[in-house]
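Chain naming here is simple, since letters A, B, ... match the order of the sequence lines and numbering starts at 1 in each.
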There are 2 protein chains.
Amino acid sequence: MRGSPWRASRERARDRQVKREAVIRAAAHAFNRKGYHNTSLDDIAAALKVSKPTVYYYVSNKEQLLFECFVAGIEPIRTAFRKARRLKASARERLQAVLGHYGQAVASEFGWCMVRAEDQDLSPAMSTHIKSLKSEIDQGIRRLLREGVQDGSIHPCDPKMTAFALAGALNWIAHWYRENQSMTGAQIAAAFITVFENGLIPRESAETGRRPEGRLAGRVAR
Amino acid sequence: MRGSPWRASRERARDRQVKREAVIRAAAHAFNRKGYHNTSLDDIAAALKVSKPTVYYYVSNKEQLLFECFVAGIEPIRTAFRKARRLKASARERLQAVLGHYGQAVASEFGWCMVRAEDQDLSPAMSTHIKSLKSEIDQGIRRLLREGVQDGSIHPCDPKMTAFALAGALNWIAHWYRENQSMTGAQIAAAFITVFENGLIPRESAETGRRPEGRLAGRVAR
DNA sequence: CATGCATCATACTCACCGGTAGCTATCCTA
DNA sequence: TAGGATAGCTACCGGTGAGTATGATGCATG
């Protein structure tokens, strides 16, 4: 049998990957509850019922642990952008879709790490890496806003400030949302989007605060 | 002279208060730049060109330092609420005023501490104290929103979610704003309020994104 | 001048925590 | 079945930083 050893090796590799991800998740969970600095690697190891060197067997150091959590949190948002780009709809609807996934990501178990990974806690290399990922998201939102203003689906606005406001509101979810909450991440995101789309000033066409139903709301002026 | 010693004593007391505030400000500055956990009391002492025990002469411990910074940051917001309550205007305008001061507070030197004082870094007593202060602000915003929906100056909305969105966007300013920025805190707050008031969906009555009455500073940056 | 309080420094303790050295056990592969 | 990779442990090191013991200096008061 020549295939057998290879298969076994693949299985081991996959096994290792699974365990590694368990370490990442345990770290995210601990960071969520106690914060990065208040979490020791012993804590994480204890949560997994292993010893500290075992944790180091799967990741190289604490910083990388935070980084992995960050990436795990932000990746869904990036894919949301890719999917939205292929969508055939107004820019506001594409933005809607992206923000929905954004909100869910922030409310996920990795939300804390994604939102709170501070430059100050990271090596310069990691810091620039994370900043570039964050900037990619920011630029993506600004771009959708510009496109929306252009195609008339979004009220004229300053894209930079508006993007900051949107991202800020959604990011902040990570500060107050806890798993056992009555609302899911998707529900919160939906509620926020409603708030952002309607605005505080009453609309003449306002029917009890709900957006004029989901998809093609509003005048796609042109 | 019997008054003289008393006066001298008062002067000393005031002197001490001034120095104490300098310590608080230095701490806020350091927390701003490097984060709470990455700032040692030696750092703060060095910034003031004194030694660590001197710092301890003015504050009892590091946690209290953070707490004082928090209070210094949040106090302007509380007074903004008090002033707004005496205002004779629609709820939306009162909310506008409060959010303006809110934004300025977050962009101030104490913004970081106010926004990032984490429960996890604080003793239970401090934590509950801070949480009650934060809750007071939150409830104040919700109240203004409810009043606005009632008096018709605000589009019908879920007060809780809307308050979260508003506070989140403004709080997040502390994450990206740096002193040397081209915009002042007030300008940013004004820009945010414009975004929130108009909403993303275009308005028929919209002339280039300005609100009709626009006593707000309105669109700022290019 | 003597006393006492306010102010601040030197120099330490002590605990925690990130990270490592080095050993052991298991099990796949040759 | 020997050899090597995988996976895990106990025990430790070294640095850091919060907080303190002790004492020096200065200044107002009696």
Side-chain angles (χ1 to χ4, degrees), chain A residues 1-24 26-27 30-31 34-69 118 120-123 126, chain B residues 1-24 26-27 30-31 33-69 120-123 126:
Chain A
M1 336 262 161
R2 307 176 68 181
S4 171
W6 282 98
R7 191 169 54 82
S9 139
R10 268 206 312 278
E11 268 167 22
R12 273 207 310 275
R14 207 190 46 202
D15 207 49
R16 180 187 171 88
Q17 188 58 27
V18 168
K19 289 189 183 177
R20 187 184 145 91
E21 278 161 16
V23 172
I24 310 285
F31 293 159
K34 316 190 348 177
Y36 179 69
H37 288 283
N38 296 319
T39 300
S40 73
L41 286 178
D42 279 314
D43 291 336
I44 296 169
L48 292 163
K49 295 193 208 299
V50 296
S51 67
K52 187 164 54 171
T54 302
V55 172
Y56 274 95
Y57 181 66
Y58 291 100
V59 298
S60 58
N61 53 37
K62 193 182 180 183
E63 182 188 29
Q64 199 204 357
L65 214 42
L66 179 58
F67 179 73
E68 300 281 359
C69 292
E118 303 284 341
Q120 310 137 351
D121 303 331
L122 298 166
S123 68
M126 285 277 171
Chain B
M1 313 262 189
R2 307 179 66 184
S4 171
W6 282 97
R7 191 169 54 81
S9 139
R10 267 207 312 278
E11 268 168 23
R12 273 207 309 277
R14 206 191 48 202
D15 207 49
R16 181 186 170 87
Q17 188 58 26
V18 168
K19 288 189 184 177
R20 187 185 145 91
E21 278 162 16
V23 172
I24 309 285
F31 294 159
R33 284 214 338 271
K34 315 189 352 178
Y36 179 68
H37 287 283
N38 295 319
T39 299
S40 73
L41 287 178
D42 279 314
D43 291 336
I44 296 169
L48 292 163
K49 295 193 206 304
V50 296
S51 67
K52 189 164 52 172
T54 302
V55 173
Y56 274 94
Y57 181 66
Y58 292 100
V59 299
S60 59
N61 53 36
K62 192 181 179 183
E63 182 189 28
Q64 199 204 357
L65 214 42
L66 179 58
F67 178 74
E68 300 281 0
C69 292
Q120 310 136 351
D121 303 331
L122 298 165
S123 69
M126 286 275 171

Pairs flagged by salt bridge (charged side-chain N to carboxylate O under 4.0 Å, His left out) wherever residues 47-64 of chain A is involved - sequence neighbours left out: A:Asp42-A:Lys52
Nearest-Å distance for atom pair [atom1]/[atom2], residues [X] and [N]:
X	N	atom1	atom2	result
B:Tyr58	C:dA6	OH	P	11 Å
B:Gln17	C:dT7	CD	P	12 Å
A:Asp15	C:dC28	CG	C1'	14 Å
B:Arg20	C:dC8	CZ	C1'	17 Å

Residue pair A:Arg20 / A:Tyr57, side-chain donor-acceptor N/O under 3.5 Å: no
Phosphate-side-chain proximity, A:Lys19 and D:dG8, N/O vs OP1/OP2 below 4.0 Å: yes
D:dT6 OP1/OP2 closer than 4.0 Å to side-chain N/O of A:Arg16: no
Contacts of B:Asp121 that satisfy salt bridge (charged side-chain N to carboxylate O under 4.0 Å, His left out) - sequence neighbours left out: none
Minimum heavy-atom distance between B:Tyr56 and B:Leu41, given as atom pair plus value: OH-CD1, 2.8 Å
B:Phe31 and B:Tyr36 aromatic ring geometry - parallel, tilted or perpendicular at 30°/60° bounds: perpendicular
Main-chain N/O of B:Ser60 paired with B:Gln64 side-chain donor or acceptor, under 3.5 Å: yes
Main-chain N/O of A:Gly35 paired with A:Thr39 side-chain donor or acceptor, under 3.5 Å: yes
Sugar-phosphate only, base, or nothing, as touched by A:Lys52 at under 4.0 Å among non-hydrogen atoms: base
Candidates [options] - which lies nearest the side chain of [X]:
X	options	result
B:Ser51	C:dT20, D:dT6, C:dT10	C:dT10
B:Tyr57	D:dT6, C:dT7, D:dC9	C:dT7
A:Lys62	C:dG19, D:dG19, C:dA11	C:dG19
B:Tyr56	C:dA9, D:dA7, D:dT20	D:dT20

DNA chain D contacts among residues 33-48 of chain B, heavy-atom distance under 4.0 Å: B:Thr39, B:Ser40, B:Leu41
